[in-house]
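First up is the structure itself, then whatever we jot down about it.
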Amino acid sequence: MTLENSKVHEVEPALRARDLTKVYKTGEVEVHALRGVSLELYPADMVALLGPSGSGKSTLLNILGGLDQASSGDAWFGSRHLTDLDDRALTQYRRAHVGFVFQFYNLIPSLTATENVALVTEISPDPMAAEDALEIVGLGERLHHFPAQLSGGEQQRVAIARAIAKRPELMLCDEPTGALDSQTGILVLEAIERIHAELNTTTVLITHNAVIADMTDRVLVMGDGHIVEEHRNTTKSRARDLHW
Amino acid sequence: MRPLNRKLTRDLWHLRGQVIAVAAVIASGVAVLSMSLSTTEALGETARAYYERYRFAHVFGRVQRAPEYLADRIRLLPGVQSVSTRVVKTAILDVAGFEEPVIGQFASIPERGEPELNALALRTGRLPRPGHADEALLSEPFAEAHGLVPGSHLRAILNGHWRELEVVGLALSPEYVYTIGPGALMPDDQRFGVIWMGRKALQAAFDLDGAFNDISVGLLRGTDPDPVIREIDELLSDYGGAGAYERANQISNWFLMNEIKQLETMSSILPVLFLIVAAFLTNMVLSRLITVERAEIGLLKAFGYRNREIGMHYVKLTLAIAGIGIVLGWAAGYWFGLMNTRVYAEFYRFPFLLYEPGPNAFILAGAASLIAALLGTINTVRAVAALPPGEAMRPPAPTMFRQSLLARTRLFLALDQPTRILLRQIARWPLRSFVTSAGIGMAIGVLIVSIQWLDAIDRIADVYFLQAQHNDVTVGFAEARAADAEFNLAQLPGVITTEPMRTVATKIRFGSREERKMIRGVPPIQNLHHVYDADGHPINLPPDGLVISTMLGELLNVVPGDIVTVEALQGRRPTRRIPITGMFETYIGSPAYMDIAALNRFMGEGPTINSVHMRTDALQRPALFRELKEIPMISSLNLKAAAVQTFHDTMAESMLIFVSFFVVFACTLAFGVTYNAGRITLSERGRELATLRVLGFTRAEISYILLGEIGVLTLIALPLGCAIGYSLTLLISGAFKTELFRVPFAILPNTYGISLLIVLAATLASIFVVRRRLEHLDLIAVLKTRE
Ligand SMILES: Nc1ncnc2c1ncn2[C@@H]1O[C@H](COP(=O)(O)OP(=O)(O)OP(=O)(O)O)[C@@H](O)[C@H]1O
Ligand SMILES: [Mg+2]
C-alpha cells in the first residue's frame with residue numbers, strides 16, 4: 001500500500017488545504033490557532049497528526065470536517081470547495097462523507113449505545129447495522145447501556161462505532177485512544193484499520209502517542225499553528241503489533 | 001422507534017418536573033382565558049334563554065291608573081305581539097323577627113292561567129288560588145333570607161291597613177334577576193322582596209278596581225322599540241304615564257347586562273394579560289431548555305443532521321410540552337368555567353343553567369399558547385443551529401467576557417469564593433439573568449393586578465359610602481310630598497339631623513343622544529348626603545343648572561356650558577332647556593344633580609321632597625323602626641350599614657369569584673417560573689457544580705452558589721415585579737369602565753406585600769425542590785456526561 005501511495009501522486013487528492021488560518025477573537029485577545037496550513041490527503045491515505053497541546057490539531061481537523069469555518073485559506077474535498085460551502089452544503093458534506101471521533105466522546109446521554117450509533121446510521125445512505133458496528137469495537141455485550149453506565153474507554157468505543165457505522169469516505173479521529181489502556185486502544189485502532197482497509201477510507205488520526213503513528217502511511221507534526229514536519233513511514237505496522 | 005424520537009421521549013421523562021412546570025404555566029394562561037370567556041358566554045346565553053322561555057317583556061310602562069281597554073289599544077300597535085297589564089305597588093312589610101321595616105314590591109298575577117309576559121318560575125308550593133285574597137307568592141331569595149317557606153305568614157300595610165298574608169309558594173322571575181329596591185345600589189334580599197298576589201286582591205288593596213298601573217309589552221322579533229314607546233306614551237299620557245322604556249333600561253336587566261359586560265371586560269383584559277405573560281414565560285423557559293441542548297444540537301449537526309430535522313425534533317418536544325399544558329388548561333378552563341357559571345347562576349337565581357361553551361375561547365387560548373411556545377423554540381433552535389457545529393459543541397463563552405469593574409473592587413475581593421462565583425455568574429450572563437428576573441417579576445405583577453381588585457372595591461366603597469354619605473338612614477316616599485314631611489320625620493325618636501332630597505324621572509336629550517335619568521335635587525350645600533367627587537371633595541351646587549357625572553357627560557356627549565333638553569316624566573311633565581354647569585368624577589353610576597329649589601321650580605311645584613336622609617342615634621333605632629313601620633306612604637328605606645354590607649357581599653360573590661381564580665393561577669405561574677429557573681440553572685451548572693464538589697467544595701457551598709443565584713435574581717425581581725404590577729394596573733384601570741362602575745387606580749401596600757410574599761414562598765418551595773436534587777447530585781455521572 002505504501003508503495004502504491006507513493007506512486008499515485010498523479011491521482012486527485014481526496015482532501016486538499018491551502019494556507020488555512022484560524023483566528024479566535026475573544027474580547028481584545030486574538031488566538032492564532034492556525035497560521036497557514038497546507039496539505040494534501042490522498043484516497044485511502046492513513047495520516048497521523050502529532051504535535052504539542054494547543055498547536056492547532058483539533059482546529060485543523062474541525063475545519064477539514066466541515067465543523068468550523070476557517071478565517072482564511074481554502075480547502076477542497078475532491079473538487080468541492082469546502083471553504084465556499086454554506087451551512088446547508090456543509091451539512092450535506094458531513095452527512096454523506098465524514099465520520100467523526102471526537103476528543104470528548106460527545107455521546108447523547110439519554111440514548112443507549114445502540115441508539116447513539118443508530119442516530120448516525122439513520123441518516124446514512126449505506127450504513128452497517130448499529131449492533132455490528134458495536135461488535136467491531138468489542139461492545140457487543142453492552143448494546144443497551146447508557147453512556148453514564150459505561151467507562152470512559154467504552155464511551156470512546158461507542159463514539160468510534162458511531163463513526164465507522166456509516167462507512168465514511170473520510171474518517172477524522174481526534175485522539176481516539178487518549179483515554180484507553182493499550183489493550184483496548186489497540187482494539188479501537190484495529191476497528192479503524194479494518195474500516196480503512198475495507199472501504200479505503202481516508203483517515204486522519206490525531207494522537208499524542210508516537211507509537212500509534214507507526215500504523216499510518218504518513219505523519220504530520222504540528223507546532224504553533226503550522227505543519228512543522230512531515231514524513232512518510234517506510235514500514236507500516238499492523239495495529240495489533242503495536243504496544244505501549 | 002427512530003433514535004431521535006426515543007431521545008425525545010426519554011428527555012420528556014427525564015425533564016418531567018420541568019415539563020410539568022412549563023405545562024402548568026401554559027395551562028394557567030389557557031385555563032384563565034377559556035374559563036373567563038366560557039363563563040361570560042354561558043351567563044349571556046343563560047340570561048337570553050331565561051328571558052325567552054319566561055317571556056320577559058320588551059317594553060315597560062307605569063301609569064297612575066289606566067282603564068283596562070287601553071291594553072287592547074296598545075295590542076293593536078304595529079310590532080306589538082303581546083300585552084300584559086298589572087297592578088304593581090310598593091308597601092311596607094313586617095316580617096316576624098326582623099326589626100327593620102321591609103319594603104315589598106307587590107305585583108299582580110292573573111287570577112287564572114299563566115301571565116302573557118314575565119312568566120314566573122315556581123320553585124316550591126303553588127300559585128295563589130282565585131278568590132283567596134290573603135295568599136301570596138314570594139320571590140325565592142327574599143323568602144330564603146328570612147327563612148320563610150310555604151305556610152309562613154307575614155304582615156303588610158295594604159292601603160293603610162295591616163294585613164296578614166300567607167305564603168303559598170316561592171318563585172323567580174326574569175324581571176327580578178337583580179332585585180334592587182328603590183334607591184338601593186345593590187340587591188338586599190333582607191330588606192326588599194317581591195310578592196305576587198292575585199290580580200283582584202291587589203286591585204282591591206290599592207283601589208285599582210277595573211284598572212291597572214303597570215304595563216308590559218312584548219314585541220315581534222326585530223321590531224324597533226322606539227316608535228312603539230312613543231305611541232304608548234301618547235296613549236298613556238292622560239293617565240299619569242311616567243314614560244315607557246325599553247328592556248335595556250329595565251332596572252334588573254340593566255344591572256344584569258352591566259354585570260355581564262363588566263365580567264366580559266374583566267375576562268378579556270386580565271386573562272389576555274395572563275396569556276401574554278404565560279406565553280412570554282413559556283417562550284423564555286423553552287428557549288433556555290433548548291440552549292442547554294446546545295452541544296447536542298452541535299453534535300447532530302456534526303453528523304450531518306439538517307437544521308430542519310433538528311428543528312423538528314425540538315418542535316416535537318415543544319408540541320408535547322405545550323400540548324400537555326393546553327389540554328390541561330382546556331380541562332381546567334372547562335371545569336372552572338362550569339363551576340364559575342354555577343356560582344353565578346346561583347347568585348343571579350337563574351332557574352336553569354346553560355353551559356355549552358363554544359370552541360372559540362378554547363381554540364383562541366390554545367393557539368395563542370402554542371404559537372408563543374413554538375416561536376420560543378424555533379428562534380432558539382435557529383440561533384443555536386446558526387453556529388458552526390464545532391463551536392456549538394463547546395460550551396458557550398459568556399457574553400461579557402472581560403472582567404467587570406465589579407470584579408476589581410475591593411469589596412468584591414473581600415467576598416468569599418462561593419459568593420464571588422455566584423455574582424460573577426449573574427454578571428456574565430446579564431441577559432439570561434434579566435430574563436429570569438423578568439419572569440418572576442411578571443408573576444408578581446400578575447398577582448398585584450389580581451389582588452388590587454379588592455383594593456379598588458374597598459376604595460369605591462370608602463369614597464361612595466363612608467366619605468360621601470354621612471346619613472345612616474334614608475327614607476323615600478311613593479309620592480312627592482310637601483316639605484313638612486321632612487319636619488315630621490325629624491320628630492321621630494333618635495333622629496339627629498335630616499336633609500331633604502327630591503328626585504324626578506326625566507329624559508335628558510342632547511343632539512341625537514337621550515338618557516333616562518333620575519335627577520336628584522339636593523340642597524346647594526349638603527350636610528349629610530354629599531355630591532362627592534371621586535378625588536374626595538364635596539361639591540356645592542350652583543343655584544341653577546345641572547351638575548352631572550363625567551360618565552353621564554360621556555353618554556350624552558356634553559361638556560360644561562352645553563345646554564341639554566330635560567323632559568320630566570311625571571307631574572305636569574315640563575320640558576325645559578337647562579345648562580350643564582358642572583361635571584364631576586364618580587366611581588359608581590352616572591348621577592345628575594340640581595339644586596332642590598331649582599328642580600322644584602322646573603317642576604312648577606312648591607317646596608316638595610320625596611326622600612329624606614337622616615342621621616340617627618344608633619341606640620334608638622329599634623324605636624325609630626317601630627315608628628317607621630306605621631307610616632304607609634314610605635316606599636323605600638335604606639340603611640347605610642346594610643348598603644355597605646350588601647355592596648361588599650355582592651362584589652364578593654360576583655367579581656371576587658373571578659379574582660380568586662386569577663390569584664390561584666398567578667400562584668401557579670409564580671411556582672412554574674421559579675421552579676423552572678432553578679431547574680434550568682441546575683442543568684446549566686450541574687457539571688460545574690459537580691466539579692467544584694470534586695475540588696473540595698462542600699455541599700452547602702455549592703447549594704449556596706446555585707440557590708444564591710436564584711435568590712439574588714428573585715431579589716432583583718421584587719422591585720421589578722412591583723413596577724410591572726403598577727403599570728399593568730394603570731393599564732387596566734383605564735380600560736375597565738362600565739356605566740355602573742369605574743375602577744379607581746388603587747393598590748394598597750398590603751397588596752404589594754402579599755404578592756411579594758406569595759412569590760417568595762413559591763421561590764422557596766422551588767428552591768427546596770431543587771435543593772433536594774442537589775443532594776442527589778451524582779458527581780461521577782455528571783462528570784462523565786453532560787446533563
Ligand atoms: N473557541 C476558542 N476560543 C479561543 N481560543 C481557542 C478556541 N478553541 C481553541 N482555541 C485555541 O486555539 C489553539 C489551538 O487549539 P486546538 O484545540 O486546535 O489545540 P490541539 O492541538 O487540539 O490541542 P490538544 O492536543 O490539547 O487537544 C489553542 O491555543 C486554544 O487555546
Ligand atoms: Mg485537541
Side-chain angles (χ1 to χ4, degrees), chain A residues 22 24-29 58-59 61-63 65-70 87-88 90-100 102-112 114-124 130 146-152 154-155 159 162-163 165-166 168 172, chain B residues 1-15 292-310 313 317 382 385-404 683 686-687 778-787:
Chain A
K22 178 72 183 177
Y24 291 108
K25 287 200 187 70
T26 45
E28 290 134 21
V29 193
S58 297
T59 306
L61 209 67
N62 284 350
I63 292 171
L67 291 183
D68 220 339
Q69 306 276 2
D87 182 68
R88 179 187 296 259
L90 275 180
T91 302
Q92 192 50 42
Y93 162 63
R94 295 193 299 268
R95 184 174 180 134
H97 307 289
V98 190
F100 286 105
F102 300 106
Q103 188 167 5
F104 310 103
Y105 332 120
N106 291 341
L107 300 181
I108 304 256
S110 57
L111 295 181
T112 62
T114 317
E115 289 160 357
N116 261 291
V117 177
L119 199 61
V120 175
T121 55
E122 160 102 16
I123 55 167
S124 306
F146 287 97
Q149 297 166 322
L150 297 171
S151 76
E154 285 161 346
Q155 289 186 51
R162 192 169 62 179
K166 74 194 286 187
L172 304 174
Chain B
M1 209 195 301
R2 300 176 50 180
L4 268 186
N5 288 341
R6 184 153 287 152
K7 169 173 170 345
L8 184 74
T9 47
R10 296 236 177 84
D11 286 352
L12 278 172
W13 177 244
H14 180 70
L15 294 172
V292 172
E293 295 261 311
R294 179 189 154 108
E296 260 146 44
I297 294 175
L299 188 66
L300 290 175
K301 282 199 72 175
F303 295 149
Y305 274 88
R306 299 194 183 94
N307 290 348
R308 194 165 35 82
E309 293 164 319
I310 299 171
H313 174 64
L317 179 78
R382 183 169 291 161
L387 297 175
E391 191 177 332
M393 284 159 67
R394 282 189 297 270
T399 42
M400 301 244 294
F401 203 67
R402 273 165 298 151
Q403 288 252 316
S404 60
S683 53
R687 198 181 169 79
D778 180 346
L779 300 187
I780 313 303
V782 168
L783 289 182
K784 263 192 349 196
T785 63
R786 279 168 318 100
E787 169 137 358

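So that the names make sense, note that chain A is the first sequence line, chain B the second, and so on, each numbered from 1.
- Side-chain contact between B:R306 and A:R95 is present, with heavy atoms from C-beta onward closer than 4.5 Å.
- The shortest heavy-atom contact between B:P389 and A:G66 is CG-O, 4.3 Å.
- The heavy-atom pair separating A:T91 from B:G304 by the smallest distance is CG2-O, 3.3 Å.
- Considering CZ of B:R6 and OG1 of A:T114, their distance stands at 9.5 Å, rounded to 0.5 Å.
- At a threshold of 4.5 Å between non-hydrogen side-chain atoms, the residues A:L119 and B:L300 count as touching.
- Contacts with chain B were tallied for A:D68, A:T112, A:I123; A:I123 has the most, counting heavy-atom pairs under 4.5 Å.
- Heavy-atom distances place the side chain of A:F146, and not its backbone, under 4.5 Å from chain B.
- When heavy atoms are compared at a cutoff of 4.5 Å, A:R88 does not approach chain B at all.
- The distance from atom CG of A:L111 to atom CG of B:D11, rounded to the nearest 0.5 Å, is 7.5 Å.
- Contact check for A:E122 versus B:E309: no side-chain heavy atoms found under the 4.5 Å cut-off.
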